[in-house]
Amino acid sequence: MKYSKINISEAINIANLKIDAFDTELLLSFVKKVNRSYLYTHQNELLTTDEKTYFFELVQERELKKPLAYLIGKKGFWKNNFYVNPSVLVPRPESEIIVEKILEYDLEGKDLLELGIGSGIISISLGLENKNLSVIGTDSSIDALMVANTNSKKLKAKNVIFLKHDWNNKWLFPKMDFIVSNPPYVDKEKLIGDEDGIWFEPEKALFAEDEGMTDLKTIIFKSINFLKDNGRLFLEHAPDQAKKVIGEAKKVGFKKIEQINDYNGLTRVSILG
Ligand SMILES: C[S@@+](CC[C@H](N)C(=O)[O-])C[C@H]1O[C@@H](n2cnc3c(N)ncnc32)[C@H](O)[C@@H]1O
């Protein structure tokens, strides 16, 4: 093994001039396959030439704002780490609100459909929380389905199946107790350009026409016919779409409407029944 002339402490100091100190530590521990505390206890250890090259390549990509999750190939969500790559949205902590809310319902023996699974975080987290919940997750992206299947296998979510389906096409699902979706809802026009990392994520996972409402409208419109009596549709959306979601829900005949705020007091989730 060839060693470079640079030790852990020096590598950290150089990287910290370019990127956030926390990101530096995560990237270096990822490259060295050690935990972060190892970096503190082995500050004088030399990096091998391969480690040095790989680490500074990753630092450069991070400096260009590539999401950390894509660089290290994983992101924590709910109770697990999920494999991610640039074909799926980077899981957002605010999507845990939807998981938390669904878990307040009795899921025993129930049927749940997720529309737009991405890496599978919501379907898999719910499937693992209740082994007697049957979960069907769909996405129009084959690449996303491959990522979600990798996660499902790794985490042994045996009650979760994933299917390729585009919600703009015909729906052939049985009626469900729960339908959940975090669809694309970002309004491209409203972006100011310095959003961290967003341009590395798949456009089809993020953006929707009509001020971000197109996919939300389609899902609200179609879901009402695929819910059992007392079934519920859970939707994540942007805070400024909350009123419009209520309008669309009433228009198609939803009677029960509840909205949930995030920890900053912004309305992020609507529950329609
Ligand atoms: C905002 S991402 C959410 C991913 C994941 N559920 C999460 O919370 O991280 C939306 C997902 O919807 C999928 N999608 C976009 N348009 C779709 C469509 N017409 N039919 C089915 N899935 C679609 C995208 O491929 C993407 O994976």
Side-chain angles (χ1 to χ4, degrees), residues 67-70 73-102 112-128 135-152 155 157 160-173 176 178-188 191 195 197-210 212-223 226 233-239 241 245 260 262 268-270:
L68 194 74
Y70 291 157
K74 67 177 177 192
K75 176 81 183 175
F77 181 84
W78 198 245
K79 297 183 179 168
N80 289 289
N81 274 324
F82 288 81
Y83 163 63
V84 292
N85 69 23
S87 57
V88 294
L89 187 90
V90 175
R92 307 290 203 268
E94 55 266 30
S95 301
E96 292 185 349
I97 299 173
I98 243 176
V99 173
E100 205 176 326
K101 277 288 144 189
I102 296 176
L112 180 144
L113 169 68
E114 184 187 1
L115 302 166
I117 52 169
S119 55
I121 48 166
I122 297 175
S123 286
I124 294 171
S125 298
L126 290 168
L128 292 175
V135 181
I136 299 177
T138 65
D139 207 289
S140 56
S141 156
I142 286 276
D143 293 332
L145 287 158
M146 282 166 63
V147 172
N149 273 320
T150 302
N151 283 318
S152 175
L155 295 167
V160 178
I161 57 165
F162 294 131
L163 306 171
K164 184 174 184 318
H165 179 251
D166 184 322
W167 54 64
N168 296 309
N169 296 340
K170 202 171 169 54
W171 289 26
L172 291 167
F173 307 113
M176 295 284 158
F178 305 101
I179 301 179
V180 49
S181 188
N182 171 20
Y185 58 74
V186 177
D187 177 3
K188 221 179 194 176
L191 296 179
E195 290 78 10
I198 197 168
W199 301 110
F200 290 88
E201 297 184 270
E203 288 221 2
K204 275 202 76 174
L206 284 167
F207 302 118
E209 301 293 317
D210 186 12
M213 287 297 296
T214 304
D215 294 301
L216 285 162
K217 281 183 182 174
T218 304
I219 290 168
I220 293 170
F221 176 73
K222 291 193 170 183
S223 291
F226 287 85
L233 168 63
F234 293 75
L235 288 174
E236 182 177 321
H237 49 76
Q241 292 164 337
V245 167
I260 311 296
D262 65 13
R268 290 250 169 223
V269 169
S270 291

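Atoms within each ligand, like the ligands themselves, are counted from 1 in listed order. Side-chain atoms are counted along with the backbone in the values below, which use heavy atoms only and exclude waters and symmetry mates.
- Between Ile124 and Ala148, the shortest heavy-atom contact is CD1-O, 3.7 Å.
- Using modelled atom types, one finds a donor on one side chain and an acceptor on the other under 3.5 Å when comparing Asn85 with Ser87.
- Two rings, from Phe207 and Trp199, have their centers less than 6.0 Å apart.
- Proximity of a side-chain donor or acceptor of Glu96 to a complementary backbone N or O of Trp78 within less than 3.5 Å is detected.
- Between Glu201 and Arg92 there is a salt bridge, since a side-chain N of the basic residue sits under 4.0 Å from a carboxylate O of the acidic one.
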Table of N or O contacts for ligand 1, cutoff 3.5 Å:
unit_1, atom_1, unit_2, atom_2, d
ligand 1, 6 (N), Glu114, OE2, 3.1
ligand 1, 6 (N), Gly116, O, 2.9
ligand 1, 6 (N), Ile117, O, 3.3
ligand 1, 8 (O), Asn182, ND2, 2.8
ligand 1, 19 (N), Asp166, OD1, 3.0
ligand 1, 19 (N), Trp167, NE1, 3.4
ligand 1, 19 (N), Asn168, ND2, 3.4
ligand 1, 20 (N), Trp167, N, 3.1
ligand 1, 22 (N), Ser140, N, 3.3
ligand 1, 22 (N), Ser140, OG, 3.4
ligand 1, 25 (O), Asp139, OD1, 2.6
ligand 1, 27 (O), Gly118, N, 3.4
ligand 1, 27 (O), Asp139, OD2, 2.7

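- Not a single donor-acceptor pair under 3.5 Å links the side chain of Asp166 to the backbone N or O of Ser140.
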